[in-house]
Amino acid sequence: MTPAKPRLDPDARREAILDVAQEVFLDEGFAAASMSTIAGRLGGSKGTLYNYFRNKDELFEAFVQRRCVWHQAAIFGELAADAGPQEVLGVLAKAYIRVTLSELSLRSLRLIIAEAERAPEIGRRFYESGPKRGAERLARMMAAWAQKGALELQDPLEAAQFFLGLCKGRFYMP
């Protein structure tokens, strides 16, 4: 008699599926990845996957969304709420560079870009959930500093986008 596997709550099971799907997508690419491979690595059935995700596209989209949430937390999570612009922008720049230039982030980005060619909505959702949301969050911080007189700027969103672009600068393209 084989021992029963412990049951995971639905959220933990979904996260476990996404963990395995991430590995498969990054190892094999979206096109070569299959729900069967993911189910096999997970130790479950394809039926289990389909209980959480209607198809591979939906699973991939969930992978993209989760990466964006993780990036936001990793980049903005270390910021002191009461710090001034110089301190916050210094911490933010280091976190942004560390996160966006990590091997996992770059591999994920290459995969997302490749899939955006086939499914432009994936690229659009990635942009809206990741880069756009991050720039808007920084813009709100910059606008608050400007209102307090701690920062002088015309357009907070443009300033945020320029700042993030400067952070990547010479590191990103190579």
Kindly indicate whether the side chain of [X], heavy atoms from C-beta on, has any atom under 4.5 Å from the side chain of [Y].
X      : Y      : answer
Tyr52  : Glu58  : no
Leu153 : Glu158 : no
Tyr50  : Met35  : yes
Leu18  : Phe53  : yes
Leu104 : Gln22  : yes
Arg137 : Arg133 : no
Met142 : Val88  : no
Cys167 : Ile97  : yes

Practice task
Evaluate side-chain hydrogen bond (donor to acceptor under 3.5 Å, both in side chains) for Thr48 paired with Ser45, printing each intermediate quantity in order.
Solution key: CA-CA 5 Å; Thr48 300; Ser45 69; 3.3 Å; yes
When hydrophobic residues are tied together by side-chain contacts of less than 4.5 Å, even through go-betweens, does [X] share a cluster with [Y]?
X      : Y      : result
Val20  : Trp70  : no
Leu164 : Leu109 : no
Val69  : Tyr127 : no
Ile75  : Val91  : yes

Exercise for the section: Show your working on side-chain contact (heavy atoms from CB on, under 4.5 Å) between Arg41 and Asp27 and close with a plain yes or no. Expected result: CA-CA 12 Å; Arg41 285 197 195 177; Asp27 289 348; 3.2 Å; yes
Practice task
May I ask you to check if Lys56 and Phe30 form a cation-pi contact, with NZ or CZ under 6.0 angstrom from the six-membered ring centre and within 45° of the axis?
Solution key: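 Verdict for Phe30: a cation-pi partner in Lys56.
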Practice task
Begin with the C-alpha distance, continue with both residues' side-chain angles, and end with the deciding distance and a verdict on side-chain contact (heavy atoms from CB on, under 4.5 Å) for Val64 and Leu111.
Solution key: CA-CA 10 Å; Val64 170; Leu111 180 62; over 6 Å; no
Heavy-atom closest contact ([X] atom, [Y] atom, distance):
X      : Y      : result
Pro85  : Ala150 : CG-O, 3.6 Å
Ala139 : Ala160 : N-CB, 3.7 Å
Ser105 : Arg67  : OG-NH2, 3.8 Å
Lys46  : Ser36  : CD-OG, 3.2 Å
Leu79  : Met141 : CD1-CE, 3.7 Å
Phe126 : Cys68  : CD1-SG, 3.6 Å

Could you grab the distance from atom [atom1] of [X] to atom [atom2] of [Y], nearest 0.5 Å is fine?
X      : Y      : atom1 : atom2 : answer
Ser129 : Arg124 : OG    : CZ    : 12.0 Å
Leu106 : Thr100 : CG    : OG1   : 7.5 Å
Tyr96  : Leu101 : OH    : CG    : 8.5 Å
Glu128 : Glu121 : CD    : CD    : 11.5 Å
Ser108 : Arg66  : OG    : CZ    : 10.0 Å
Asp19  : Arg14  : CG    : CZ    : 11.0 Å

Exercise for the section: Flag yes if more than 12 heavy atoms outside Glu28 fall under 6.0 Å of its CD atom; otherwise flag no. Expected result: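 For Glu28, atom CD is crowded (more than 12 foreign heavy atoms under 6.0 Å).
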Practice task
Taking Thr37 for its side chain and Ala33 for its backbone only, find out whether a donor-acceptor pair lies under 3.5 Å.
Solution key: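 No; zero donor-acceptor contacts below 3.5 Å.
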Practice task
Ignoring hydrogens and angles, tell me if any N or O in the side chain of Gln72 forms a donor-acceptor pair with the backbone of Gly130 under 3.5 Å.
Solution key: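 Such a contact is found between Gln72 side chain and Gly130 backbone.
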Practice task
Show your working on side-chain contact (heavy atoms from CB on, under 4.5 Å) between Leu42 and Arg13 and close with a plain yes or no.
Solution key: CA-CA 10 Å; Leu42 186 64; Arg13 188 66 169 165; 4.1 Å; yes
Exercise for the section: Give me the ring orientation class for Phe25 and Phe63: parallel if the planes are under 30° apart, tilted from 30 to 60°, perpendicular past 60°. Expected result: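 Tilted.
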